[in-house]
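Since the model is a prediction, treat every value here as computed from it, not as a measurement.
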Amino acid sequence: MSRLTIQTIESAPAEARERLAAAQRASGFLPNLLGVLANAPVALEAYQTLGKINARNSLTPAEREVVQLTAATRNGCGFCAAGHTKVALKKARMEAATVRGVRRSEKLADSKLDALASFARAVIDQKGRVSDQELSDFLAAGYTQANVEEVVLGVTLQTLCNYSNNIAQTPINPELQEYGEAYA
């Protein structure tokens, strides 16, 4: 049971209703995270707006999901880990072994994705105070200075939803449950 109200389209503040309705139309269900964020319509707007911006960055869909999954697992957010596992498998078409490896902070077979996951962990764990070597390793793997900032962007997006879910103890929607513990 959530510690914060999970708003529905009908119960949400008026400013959040159309955003929730659009999200439900897009995914076929209303993710509980969005219901929690709807308690503060500006938080819901910030999450959705930042998500759209993040989707336009120069990282590939798989690379974006590596960042999102790394942050979700580092921040202990089971809801987001499940949701981004589904996105990684279904939309980004990542291999299940890679998704499991990211979620478990294991070395990945793809050296470039491994460098990305390592850098994202360093950014999160050190609150951006990465070492010269960690930054150099990331850039040497073929990433750019723009990608450095895009990792920060992805971590920022995840922090908003991870912390909200962790405070609320948001239950994982039935549509996402199979992507939870099975990939942990």
Side-chain angles (χ1 to χ4, degrees), residues 1-7 23 27 29-40 42-44 46-51 53-55 57 59 61-92 94-108 113-131 134 138 148-184:
M1 183 167 162
S2 180
R3 297 192 304 178
L4 299 179
T5 301
I6 299 172
Q7 300 291 343
S27 64
F29 71 101
L30 184 59
N32 289 335
L33 162 66
L34 301 183
V36 168
L37 290 172
N39 284 295
V42 293
L44 176 62
Y47 171 74
Q48 290 177 323
T49 301
L50 194 54
I53 293 167
N54 189 58
N57 78 33
L59 295 172
E63 289 169 331
R64 284 193 294 273
E65 288 311 311
V66 166
V67 174
Q68 300 300 290
L69 281 167
T70 299
T73 55
R74 273 322 221 224
N75 290 327
C77 183
F79 185 96
C80 288
H84 282 284
T85 294
K86 181 178 181 180
V87 172
L89 294 168
K90 301 297 182 184
K91 290 186 180 176
M94 293 173 65
E95 294 180 13
T98 301
V99 172
R100 279 190 192 92
V102 172
R103 288 187 57 171
R104 295 175 182 170
S105 299
E106 297 172 346
K107 184 163 182 59
L108 304 178
L113 289 181
D114 188 61
L116 175 60
S118 294
F119 185 71
R121 286 192 302 269
V123 167
I124 295 161
D125 294 349
Q126 297 165 112
K127 297 174 177 46
R129 293 180 184 92
V130 298
S131 70
E134 289 163 327
F138 181 66
V148 170
E149 295 304 324
E150 291 166 346
V151 169
V152 173
L153 173 63
V155 167
T156 301
L157 173 62
Q158 272 309 110
T159 301
L160 172 61
C161 54
N162 295 164
Y163 285 19
S164 294
N165 281 324
N166 289 346
I167 290 168
Q169 297 177 354
T170 310
I172 299 172
N173 293 73
E175 296 86 350
L176 301 174
Q177 287 179 353
E178 72 180 277
Y179 301 98
E181 292 303 315
Y183 291 88

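- A donor-acceptor pair under 3.5 Å is absent between the side-chain atoms of Thr70 and the main chain of Arg121, judged by distance alone.
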Under 3.5 Å, which donor-acceptor pairs link side chains of residues 153-161 to any protein atom two or more places apart or in another chain?
from   : atom 1 : to     : atom 2 : distance (Å)
Thr156 : OG1    : Val152 : O      : 2.8
Gln158 : OE1    : His84  : NE2    : 3.1
Thr159 : OG1    : Val155 : O      : 2.7

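- For the pair Leu34 and Leu44, the tightest heavy-atom approach, listed with the atom from each and the gap, is CD2-CD1, 3.7 Å.
- Atom CG of Leu33 is separated from atom CG of Asn165 by 4.5 Å, given to the nearest 0.5 angstrom.
- Residue Phe29 places its CZ atom among more than 12 non-hydrogen atoms of other residues, nucleotides or ligands, all under 6.0 Å distant.
- Side-chain N or O atoms of Asn173 include one that pairs as donor or acceptor with a backbone N or O of Asn32 at under 3.5 Å.
- With a 6.0 Å radius and a threshold of 12 heavy atoms from other residues, nucleotides or ligands, Arg3 has its CZ atom above the threshold.
- Between Ala23 and Gln48, the shortest heavy-atom contact is CB-NE2, 4.1 Å.
- What you find for Asn166 and Cys77 is that their closest heavy atoms are OD1-CA, 3.6 Å.
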When you look at Arg74 and Ser105, which way does the side chain to side chain donor-acceptor pair (under 3.5 Å) test go after all the steps?
-> CA-CA 9 Å; Arg74 273 322 221 224; Ser105 299; 3.0 Å; yes

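- The environment of Glu95 atom CD is sparse: at most 12 non-hydrogen atoms of other residues, nucleotides or ligands sit within 6.0 angstrom.
- Within a 6.0 Å radius of CD in Gln177, other residues, nucleotides and ligands contribute more than 12 heavy atoms.
- Shortest non-hydrogen contact noted between Arg100 and Tyr183 is CG-O, 3.6 Å.
- The two residues Ala81 and Ala72 make their nearest non-hydrogen contact at N-CB, 3.7 Å.
- The heavy-atom pair separating Phe79 from Pro31 by the smallest distance is CZ-CB, 4.2 Å.
- In this structure, Tyr179 and Val87 have side chains that are not in contact, with every pair of non-hydrogen atoms separated by 4.5 Å or more.
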